[in-house]
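Here is the structure we will look at, set down as structure tokens.
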Number of protein chains: 2
Amino acid sequence: MAASTLTEVARLAGVSPATASRVLNGSARTPGPDIAERVRKAADSLGYIPNAQAQGLAKSSSGLIGLIVHDIADPYFAAIARGVQAAARHQNKMVLLATTAGSPADERAAVAAFAARRADSIVIAGSRSARTADKQGNAELAAELDRYCRNGGRVGVVGHAVVGAESDEGYHVVGVPNEELAAELARELAASHAGEFVIIAGPEGLLTSDDRVRGFQRGLADAGLPPADVLHTGFDRTGGYEAGMELAARIGAHGGSGQAGAEAAAPPRLCIFAVNDVMAIGATAALRSKGLRIPRDAAIAGFDDIETLRDFRPALSTVRLPLEEIGRLAVPGAGSGTVGAGTVGVTGEVTLRRSTEPGGEPAS
Amino acid sequence: MAASTLTEVARLAGVSPATASRVLNGSARTPGPDIAERVRKAADSLGYIPNAQAQGLAKSSSGLIGLIVHDIADPYFAAIARGVQAAARHQNKMVLLATTAGSPADERAAVAAFAARRADSIVIAGSRSARTADKQGNAELAAELDRYCRNGGRVGVVGHAVVGAESDEGYHVVGVPNEELAAELARELAASHAGEFVIIAGPEGLLTSDDRVRGFQRGLADAGLPPADVLHTGFDRTGGYEAGMELAARIGAHGGSGQAGAEAAAPPRLCIFAVNDVMAIGATAALRSKGLRIPRDAAIAGFDDIETLRDFRPALSTVRLPLEEIGRLAVPGAGSGTVGAGTVGVTGEVTLRRSTEPGGEPAS
DNA sequence: GCAAATTGGGAAAGCGCATTCCCGCTGCTT
DNA sequence: AAGCAGCGGGAATGCGCTTTCCCAATTTGC
């Protein structure tokens, strides 16, 4: 038994398909109450479910919102996805998910697939990359998005505008002040740390990472400090872990090992800034595996303020980002932002916690 | 400029729409190479993207997989979603996301929406509830799913079969041995713990929670111990936190407070089993906020082995579940499982870590 | 009281594509 | 050399729905 159709409902109710359509969906013209009732009853008894594909074809709009993320299991993207989902629900649309691991080629394919499905809008959440290796991929992605926009699609981008977009038409970006916030974090840390600073960054060319690094360096400069060393690694927990191992070796070489804290003129404690929370956690794990303790042997800060990580000990200093709201704002037509081209901004908040506390003796 | 159509491509290539269709999609009949080339070039120059809705209408299949979760930002669901996404990609389909906060009514609506979109299959990941308040909702959900199946849909369920399904036709469940694993966990913990056991459970009637509780109690019984006290609360971090506060009070009353460990005849340490990791983390936070330390003042174990939580300290004892694989297996037609009705099983693994270590003096 | 405007319903034309059927053609058999 | 299979392409139909257009029956205006 195939799903029943509008025509069947109409026949059962003794009306024309046109009338049935009018009563079952919010048409401008509403048939008489008696007829409406009859149709509704017929639909009910048949368990009629409109065929959204056919509706979409006829109306040329689908009620779909495409969402592109690197990895849905990454808590950063998961939080954004929650916001997108909430906004979609508000517009009563559904969200179509695509994960791309950040590959521009996959992103292009996802955009094409969304376009094929005639998604009303698409939000693309992963960080953009400016690596030369990705140059062609980025151009193709931009071309695909431009085409999508020309055909009437709306796209929301979180973070950075897509590199190489032809015009602003149809784009809408949620700006995250990564650079400013990182600078502020650096300044606050500089106020209480005497030691050297090190940055654990993502791959070079990853815009979000680059921005945070640049901001942090600027903050240090503002405080009259020399620029920090930058370690480039993967933008995930594993990357953080590897960098952490390297730093552990460095710290160990200086003599920060073992329980006995006070060696001859203990070198000032290292202060590590990982460009996102997950990397910070990885780095922490690495340091710990080498017997180092936070914040006694090194201070560490992250970025994002991932919810699941808030109970982590020592509590991680970070920059809180309203991830869910970012997701909500990123869907075109939602939020109080300007409709159409333009940038909606959100703000974050530097949140200092135990992992960067000065002193560093383990408290109770 | 609206997106170009097959007909336009055909006209540009000087062929009929039928031929164009044949070359641009994997039809059984492949037109001659010269014609094919011409069509392909025309399509390319027009930037033709097939209208998936129209294709779906014509073929009556959509290439969509519907996924229902409680909350996509919950790491448990996010991990499953990743698996589903991977399987979908393998079948080159896209996944449609719906979040329902566990409400059967919302789930029913989501199923209807998926049916309307003619999703090829749907996987429903949230825990089923047997509460009487949800009884009608569950029945309606089951009815909707049954109808979906009768119309040729395939549904994959993780955990429990949907309560009230009329027949097995079209269903496919990924069974998680919650009860057995919880029992095993209890037995292993019982072997090294002298103190009392307490269970922090989700709301009564939540099948996953109930299973884990039952299993844990059985494990205790196997070890010759009396059943543990059960605290029912929310199935999330907040629930765990609240229960943790209550337990902290209980422990405090016994005298486990402060730094000085050895009071007169220190009572045996409490061993807490939270039915999922996130709740365990919440409980831990609560205990800590009261000055209690894990595992010194209480042992605690969770369930799921959430990836993001693995770096948590003290490392959480838990039961590892192959979440991503569960997601993969849940999508009908994927995995090596039996196609059609049937249960595919996965196994987990009790993973004892520091949070339940006996002794409990803080190590280095 | 009659023309004009309004209402309420049906017929029909697509939306963009897949697919079945059909037809002219080439190449083969006997 | 005539007949037949087989192939390559096009015309036409239908997927399920929306929406314009059209027509008959009422209301309204003066």
Side-chain angles (χ1 to χ4, degrees), chain A residues 1-40 42-43 46-64 115-120 151-152, chain B residues 1-40 42-43 46-64 112-113 115-120 151-152:
Chain A
M1 159 190 171
S4 48
T5 75
L6 222 212
T7 309
E8 290 173 28
V9 172
R11 187 168 24 207
L12 181 60
V15 300
S16 78
T19 304
S21 169
R22 288 195 262 254
V23 21
L24 292 180
N25 313 340
S27 167
R29 284 179 52 178
T30 312
D34 45 342
I35 292 222
E37 177 60 20
R38 216 155 23 127
V39 171
R40 238 180 294 273
L46 252 52
Y48 170 71
I49 295 185
N51 184 325
Q53 310 215 70
Q55 288 189 156
L57 223 209
K59 299 200 283 205
S60 63
S61 100
S62 61
L64 254 28
R117 298 231 138 72
R118 298 299 184 266
D120 296 337
N151 289 343
Chain B
M1 158 189 170
S4 48
T5 74
L6 222 210
T7 310
E8 290 172 28
V9 173
R11 186 166 26 207
L12 181 61
V15 300
S16 78
T19 304
S21 168
R22 288 195 263 254
V23 23
L24 292 179
N25 314 342
S27 167
R29 285 179 52 177
T30 313
D34 45 342
I35 291 223
E37 178 60 20
R38 216 157 22 126
V39 170
R40 239 180 294 272
L46 254 52
Y48 170 71
I49 295 185
N51 184 324
Q53 310 216 69
Q55 287 189 156
L57 222 209
K59 298 199 285 203
S60 62
S61 98
S62 61
L64 256 27
R117 299 229 134 76
R118 297 300 183 264
D120 296 337
N151 290 343

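Order of the sequence lines sets the chain letters (A, B, ...), proteins ahead of strands, with each chain counted from 1. Not measured: the values here are computed from a predicted model.
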In whole angstrom, give the distance that lies between atom [atom1] of [X] and atom [atom2] of [N].
| X | N | atom1 | atom2 | answer |
| --- | --- | --- | --- | --- |
| A:Leu24 | D:dC17 | CG | P | 9 Å |
| B:Gln53 | D:dC17 | CD | C1' | 11 Å |
| B:Arg11 | D:dA11 | CZ | C1' | 16 Å |

Set of residues satisfying side chain to side chain contact (heavy atoms under 4.5 Å, CB included) with respect to [X], sequence neighbours excluded:
| X | answer |
| --- | --- |
| B:Ala20 | B:Leu6, B:Ala10, B:Val15, B:Val39 |
| B:Ala43 | B:Val9, B:Leu24, B:Tyr48 |
| B:Leu12 | B:Ala42, B:Ser45, B:Leu46 |

Residues which pass side-chain hydrogen bond (donor to acceptor under 3.5 Å, both in side chains) with B:Thr7, listed by chain and number, not counting sequence neighbours: none

Partners meeting side-chain hydrogen bond (donor to acceptor under 3.5 Å, both in side chains) with B:Ser16 (sequence neighbours left out):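 Residues passing side-chain hydrogen bond (donor to acceptor under 3.5 Å, both in side chains) with B:Ser16: B:Thr19.
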
Report, one pair per line, the protein and nucleotides 17-19 of chain C atoms (nitrogen or oxygen only) whose separation is under 3.5 Å.
unit_1 : atom_1 : unit_2  : atom_2 : d
C:dC17 : OP1    : B:Tyr48 : OH     : 2.5
C:dC17 : OP1    : B:Asn51 : N      : 3.3
C:dC17 : OP2    : B:Leu6  : N      : 2.2
C:dA18 : OP1    : B:Asn25 : ND2    : 2.1
C:dA18 : OP1    : B:Gln55 : OE1    : 3.1
C:dA18 : OP2    : B:Ser21 : OG     : 2.5
C:dA18 : OP2    : B:Asn25 : ND2    : 3.0

